[in-house]
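Inspection log for the structure reproduced underneath, given as structure tokens.
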Amino acid sequence: MKNQQVAQVLNEIADLLELRGENVFRVGAYREAARQIEALGEPIGEIDQRGDLDKIPHVGASIAGKIHELLQTGHSRYLEQLQRQVPAGLVELMHVPGLGPKRARQLYDQLGVVTVADLKTAVEQHRVCRLPHFGEKSEANIRQAVEQLLQRTRRLLLSEALPMAERAAEHLRRSSPAERVDLAGSLRRFRETIGDLDLLAASRDPEAVLDAFTRLPGVARVDARGETKATVITEEGLQLDLRVVDPSVYGAALQYFTGSKAHNIKLRTWAEQRGLKISEYGVFRADTDERIAGATEEEVYACMGLPWIPPELREDRGELEAARERRLPELVALEQMRGDLQCHTKWSDGQRTIEEMVRAAESLGYEYLAITDHSQALGVAGGLSSERRREQRAEIEAVNRSLPRLRLLVGMEVDIRSDGALDADEEMLAACDVVVASLHSGLGQSREQVTRRVLAAIHHPRVHVLGHPTNRLIGRREGADLDLDAIIHAAAATGTALEINAQPDRLDLNDSHARRAVESGVRLVISTDAHSDTQLRYMRLGVATARRGWVGPLRVLNTRPLHELLAWLYDKRTEASG
DNA sequence: GCCGTTTTCGGCCCGACTGTTTTCAGTCG
């Protein structure tokens with residue numbers, strides 16, 4: 001059972017407890033435990049086998065026992081008992097925006113509404129507005145929420161949300177009196193998927209900024225509008241939130257609205273222990289209410305004796321403790337990337353010629369670019385025969401002779417076959433400057449099988465990089481069921497690099513995996529796997545993922561200058577074969 | 001149900017907005 005599924009069970013227990021009107025802190029305990037398990041970098045089954053479940057933060061004896069049962073038997077008697085006590089469907093009802101446990105319960109008790117479909121009918125028959133504490137407006141809001149819920153299915157990919165939010169922010173900067181506009185929330189932390197888009201603005205005239213906001217191009221409707229904040233729904237059905245604060249408290253507000261929730265809770269708890277109170281309006285002395293900071297985020301953290309913490313780290317995964325002990329990691333930055341080690345061209349399934357890719361890489365200021373078209377087994381992706389590969393190599397060498405500033409590397413993304421062998425012979429591999437080995441098929445294999453396969457590739461003396469290690473697709477496909485510890489251990493032992501693939505729906509390794517790899521001394525590369533010139537810009541997403549994984553520049557091979565990279569590529573091979 | 005830089009008991013972040021209510025509960029982030 002995967003971490004995600006365990007977390008889901010705990011969340012469902014929390015939902016059911018909430019519907020029963022249980023103590024809110026008990027409910028919160030289950031949610032917090034679920035969150036912790038989702039963020040674990042390691043399969044929970046392994047933690048269970050070590051008997052270390054209760055060492056996970058916010059997992060105590062009681063929840064540990066329930067997780068253990070779940071892992072051993074595949075179900076939870078406690079969950080099933082709760083499910084018998086609460087009508088099925090009510091959980092779903094509670095997830096309708098605007099409904100919480102109380103109102104969901106009321107709809108059930110008084111109208112017999114159990115499912116979202118029931119709710120739709122009740123709303124259409126105007127039965128909801130006659131309930132106590134509901135009215136015309138509540139009913140209309142619920143109607144909209146239900147319609148939206150039936151339409152909208154998934155969280156946005158970071159790559160979809162970022163440009164949308166950046167366009168809105170840019171428009172506000174130009175068309176309103178806002179002194180500053182920033183992205184906040186999970187966008188600013190570069191989470192891999194985004195629910196709502198949060199923006200923050202500084203202005204002494206919030207009225208005017210909110211006016212501009214509600215009139216942004218693409219706004220379909222205004223959901224809420226107060227004196228300091230507003231919510232709009234775009235034509236695509238996305239929720240965009242804006243909060244406007246006075247410039248003197250902008251730093252405190254930015255800190256607050258960037259989150260994460262868990263990071264802020266811990267920071268506030270620490271503040272209280274120091275006799276301080278932190279809110280979106282600043283840092284205050286608890287005894288006198290005197291405000292002592294708020295204009296910048298640096299100030300806010302400084303009041304706590306902490307250095308500024310990069311937003312990508314603010315997930316309560318040890319960053320506050322690290323900050324307190326002055327051991328925050330230096331994080332890799334986009335400007336440090338000197339090249340891209342995986343991309344595709346028209347020779348296989350890419351959309352651009354080698355020259356077009358080169359021009360794009362030059363415009364990014366890169367020193368090198370590896371052309372890594374697919375190997376033959378990947379017929380769907382136009383994999384190259386050995387004959388075609390010789391022709392491509394000749395073209396790469398010709399282009400290289402005409403390039404003063406950028407060095408093209410001869411590479412290949414070689415498929416790891418279902419038996420673990422590589423889809424290329426020794427001669428083809430030897431002719432490459434850089435070999436990236438990747439899984440593309442047989443993802444349904446057992447954990448043992450697929451792990452053995454990948455280990456064989458990592459140990460292969462010609463392989464430099466393991467490409468998109470799990471081969472997951474966010475929101476569409478779980479990755480292979482890899483024993484990641486074994487993979488990381490082997491990568492550390494052989495010196496084979498692991499890739500952070502920057503394709504927006506891959507981001508594979510993910511942040512937690514990358515962090516574990518780095519902790520084990522593994523080298524990483526961040527590659528875009530670009531299939532067109534514009535996709536080379538996905539590097540930003542890969543770097544963000546690395547930063548969320550506490551990855552420093554020295555761990556990332558493609559921050560190295562060309563001569564160092566070439567030396568490593570060469571040494572890796574000779575050491576392995578010698 | 002979890003947790004501990006005074007604590008193994010008594011807390012648990014906190015403010016904005018909405019709608020329905022005349023002072024607040026529910027929801028959200």
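For the numbers below, each heavy atom of this structure counts, side chains included, while hydrogens, waters and symmetry mates do not.
Distance A:Asn264 CG to B:dG15 P: 13 Å, rounded to the nearest Å. Per the geometry, CD belonging to A:Glu139 stands 20 Å off P belonging to B:dG26, to the nearest Å. Atom CD1 of A:Ile142 and atom C1' of B:dT27 are 12 Å apart (whole Å). One interatomic measurement links the two molecules: CD of A:Glu272 to P of B:dC12, which rounds to 6 Å at whole-angstrom precision. Rounding to whole angstrom units, CG of residue A:Asn23 and P of B:dG1 are separated by 9 Å. In this structure, A:Lys137 places its NZ atom 18 Å from C1' of B:dA25, rounding to the nearest Å. The interatomic distance linking A:Leu99 (CG) with B:dG29 (P) rounds to 13 Å, in whole Å.
The nucleotide whose nearest atom lies closest to any side-chain atom of A:Gln239 is, among B:dC13, B:dG29, B:dT27, B:dG29. Side chain of A:Ile63, nearest nucleotide from B:dC2, B:dC12, B:dT20: B:dC2. When distances are taken from the side chain of A:Asn141 to each of B:dG19, B:dG15, B:dC2, the shortest belongs to B:dG19. Considering only side-chain atoms of A:Arg103, the nucleotide from B:dC14, B:dC17, B:dT27 that sits closest is B:dT27.
Among the atoms of the strands shown, base atoms are found under 4.0 Å from some heavy atom of A:Lys261. Across all strands, A:Gln273 comes closer than 4.0 Å to no nucleic acid atom at all (heavy-atom distances). If you check every strand for non-hydrogen atoms under 4.0 Å, A:Lys66 touches sugar and phosphate atoms only. Nucleic acid contact class of A:Glu227 (heavy atoms, under 4.0 Å, all strands): sugar-phosphate only. Residue contacts shown for A:Thr231 are absent, as no nucleic acid heavy atom lies under 4.0 Å away. Using a 4.0 Å heavy-atom criterion, one finds that A:Pro97 contacts the sugar-phosphate atoms exclusively. If you check every strand for non-hydrogen atoms under 4.0 Å, A:Arg324 touches a base. Residue A:Arg268 is classed as a base contact, given a heavy-atom separation below 4.0 Å to a base. Within the nucleic acid shown, A:Phe257 has no heavy atom closer than 4.0 Å to any nucleic acid atom. Using a 4.0 Å heavy-atom distance criterion, A:Val59 is classed as a sugar-phosphate-only contact.
The closest side-chain heavy-atom distance from A:Asp511 to A:His513 is not below 4.5 Å.
The 12-atom threshold is not exceeded at CZ of A:Arg77, counting heavy atoms of other residues, nucleotides or ligands nearer than 6.0 Å.
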